[in-house]
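Since the structure comes first, as structure tokens, the remarks are kept for the end.
The structure displayed is predicted, hence computed values, not measured ones.
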Amino acid sequence: MESELQKLPPETPQPTRPESLDESSTKDDRPLLKPDPTNPRLQVLQSQSSNPSIDELEKKYAPYVRHDVYGIMGRGELPLAEKVLLGFALVTLVPLRVIGAMSVLVVYYLICKICTAFSVPNREEEEEEGLEDYAHLGGWKRAVMMKSGLFLARVMLFVFGFYWIPETYRPIDLNANGKSNNENGSKEQAEELERPGAIVSNHISYLDILYHMSSSFPSFVAKRSVAKLPLVGLISKCLGCVYVQRESKSPDFKGVSGVVNERIREANKNKSAPMMLLFPEGTTTNGDFLLPFKSGAFLAGAPVQPVILRYPYQRLSPAWDSISGVRHVILLLCQFVNYVDATWLPVYYPSQQEKDDPRLYAENVRRLMAHEGNLILSDIGLAEKRVYHAALNGNNSMPTVFHQKDD
């Protein structure tokens with residue numbers, strides 16, 4: 001990787017931002033738009049977005065702008081042909097896909113229910129209720145949950161119209177002496193040297209999680225309320241999700257960041273432990289940009305597996321950037337065919353300098369992913385996305401659209 005990074009042009013330093021492991025870890029159960037008059041940075045952002053034109057918004061917040069036929073927020077004026085296709089899909093395709101998706105969900109829930117019957121979930125004594133998981137079950141139970149989960153996640157993608165998923169695996173880069181940057185001559189030797197503790201992926205859609213479930217079945221960070229949802233709650237526990245919650249005041253409470261880094265280290269040392277799936281951008285984009293990485297995924301200093309996702313489209317973009325969840329799901333189900341491409345880069349093994357400086361580690365992985373995926377580097381983040389959403393919804397009078405985050 002170092003040889004690749006030497007080819008990349010230097011980038012101006014990014015402004016310091018609050019650390020986060022995933023967008024879900026910043027939101028918990030609090031509202032998306034919450035006034036905060038004590039945050040001067042976002043007061044400036046909001047004041048700059050007062051009464052802007054659409055062109056100004058699209059230029060300033062380019063990573064979140066939709067370019068498909070459905071327009072901004074999925075509410076653009078549609079041609080007659082598109083309206084006819086939507087109407088036809090709503091009465092034919094959508095019911096079949098809803099039934100298919102629910103059937104897959106129920107089947108996997110029943111599998112998880114059988115595998116976890118009479119089993120005690122893993123729970124650390126100092127953690128609060130709701131952080132338990134079944135991902136550390138061993139033997140046939142773990143094997144059945146994982147293999148069936150991989151298969152049914154792919155079936156679910158098929159139901160959603162992702163019939164073919166091209167996957168590209170980039171070979172490890174060899175230097176002039178025939179050695180890799182990991183001081184081994186092959187990818188297999190490099191993987192035997194040290195297992196990655198986390199999968200690091202760009203974040204475009206909620207479908208990202210479904211793809212990764214179908215390819216590697218990792219754990220990920222989720223809102224605490226997910227654990228209490230019917231069907232999905234038990235499945236998330238079998239995946240070993242780390243649930244976001246308001247931090248305990250107890251001084252010995254590790255918090256989400258501590259739990260995630262323990263999981264990364266465990267996966268790095270134990271091949272039977274599930275890897276963590278992390279989206280270091282902290283939010284979704286339209287797929288053409290790469291936002292600044294939070295350093296939370298790199299604090300453990302363990303190797304990471306970079307993955308680049310792309311969603312080619314003709315009518316509806318699967319990106320979840322500036323469109324409501326319900327509208328997006330309905331429109332997605334109306335598409336006869338959807339597409340996703342995945343590029344797996346070689347495992348990134350950090351240098352000692354990167355281990356000592358997680359921000360440097362995060363930035364080097366980010367630059368490599370942008371270079372290999374032809375993505376545009378952007379210096380805006382979640383705060384600006386909330387300002388953009390507020391402006392689109394006419395909430396220009398709000399003093400801020402960002403809430404303070406727990407560590």
Side-chain angles (χ1 to χ4, degrees), residues 23-24 27 31-33 54 63-109 152-165 203-214 222-223 225-226 229-233 235-236 279 283-288 309-341 385-386 388-390 392-395:
E23 181 181 7
S24 59
K27 298 196 302 185
L32 176 65
L33 303 179
I54 294 298
Y64 313 121
V65 177
R66 299 188 66 80
H67 300 290
D68 59 13
V69 298
Y70 293 89
I72 297 175
M73 304 178 73
R75 300 175 182 174
E77 182 63 30
L78 298 178
L80 179 60
E82 186 64 27
K83 292 179 180 179
V84 172
L85 283 174
L86 274 180
F88 179 75
L90 279 171
V91 298
T92 57
L93 193 60
V94 172
L96 293 175
R97 284 182 168 173
V98 170
I99 294 173
M102 288 303 300
S103 299
V104 172
L105 192 62
V106 170
V107 168
Y108 190 54
Y109 169 80
L152 291 176
R154 182 63 187 92
V155 173
M156 183 72 84
L157 285 170
F158 188 91
V159 170
F160 274 76
F162 294 91
Y163 306 122
W164 306 275
I165 302 181
H203 201 10
I204 302 173
S205 174
Y206 49 84
L207 297 163
D208 301 346
I209 294 176
L210 201 55
Y211 165 75
H212 286 291
M213 282 183 62
S214 72
K223 292 179 65 174
S225 58
V226 171
L229 293 175
L231 304 181
V232 176
I235 294 174
S236 69
F279 301 108
T283 190
T284 55
T285 69
N286 58 18
D288 296 327
L309 297 180
R310 287 277 198 178
Y311 290 88
Y313 63 90
Q314 297 177 350
R315 295 161 56 210
L316 173 77
S317 169
W320 194 25
D321 35 37
S322 58
I323 183 173
S324 70
V326 174
R327 178 182 295 270
H328 191 268
V329 170
I330 293 175
L331 292 177
L332 184 75
L333 293 176
C334 288
Q335 307 305 303
F336 293 92
V337 182
N338 290 301
Y339 304 91
V340 59
D341 299 334
K385 182 177 185 178
R386 293 170 187 262
Y388 176 57
H389 285 187
L392 290 179
N393 285 286
N395 271 335

* Asked: Would one find more than 12 heavy atoms of other residues, nucleotides or ligands at under 6.0 Å from atom OH of Tyr206?
  -> yes
* Structure fact -> Asp321 meets the side-chain hydrogen bond (donor to acceptor under 3.5 Å, both in side chains) criterion, sequence neighbours left out, with Arg66
* To do: Kindly give the heavy-atom pair with the smallest separation between Thr92 and Phe88, and that separation in Å.
  => OG1-O, 2.6 Å
* Asked: Can you name the residues that form a side-chain hydrogen bond (donor to acceptor under 3.5 Å, both in side chains) with Tyr211, not counting sequence neighbours?
  -> Glu167, Trp344
* To do: Would you indicate whether the side-chain heavy atoms of His389 and Ser322 approach each other to under 4.5 Å?
  => yes
* Asked: Between Leu207 and Pro318, what is the shortest heavy-atom contact and its length?
  -> CD1-CB, 4.0 Å
* Asked: So do Ser103 and Ile99 actually touch side chain to side chain, heavy atoms under 4.5 Å?
  -> yes
* Asked: Do you know which two heavy atoms are closest between Ala319 and Thr285, and how far apart they sit?
  -> CB-O, 3.6 Å
* Structure fact -> Distance col, row His67:NE2 vs Tyr313:OH, nearest 0.5 angstrom, shows 6.5 Å
* Asked: Where do Asn338 and Phe160 come nearest, in terms of heavy atoms and distance?
  -> ND2-O, 2.8 Å
* Write down the atom of Ala89, the atom of Pro95, and the distance for their closest heavy-atom approach. => O-CD, 4.3 Å
* Output the distance between atom CG (Leu157) and atom CG (Leu152), rounded to the nearest 0.5 Å. => 11.5 Å
* Any donor-acceptor pair under 3.5 Å linking the side chain of Lys385 with the backbone of Pro63? -> no
* **Nearest-0.5 Å distance that lies between atom CG in Asn286 and atom CG in Asp68** => 10.0 Å
* Please list all pairs passing the salt bridge (charged side-chain N to carboxylate O under 4.0 Å, His left out) test where one or both residues lie in residues 79-94, with sequence neighbours left out. => Glu77-Lys83, Glu82-Arg315
* Structure fact -> What one should report as the nearest heavy-atom pair of Ile204 and Leu309 is CD1-O, 3.2 Å
* Asked: Looking at side-chain heavy atoms only, is the closest gap between Ile165 and Phe158 below 4.5 Å?
  -> no
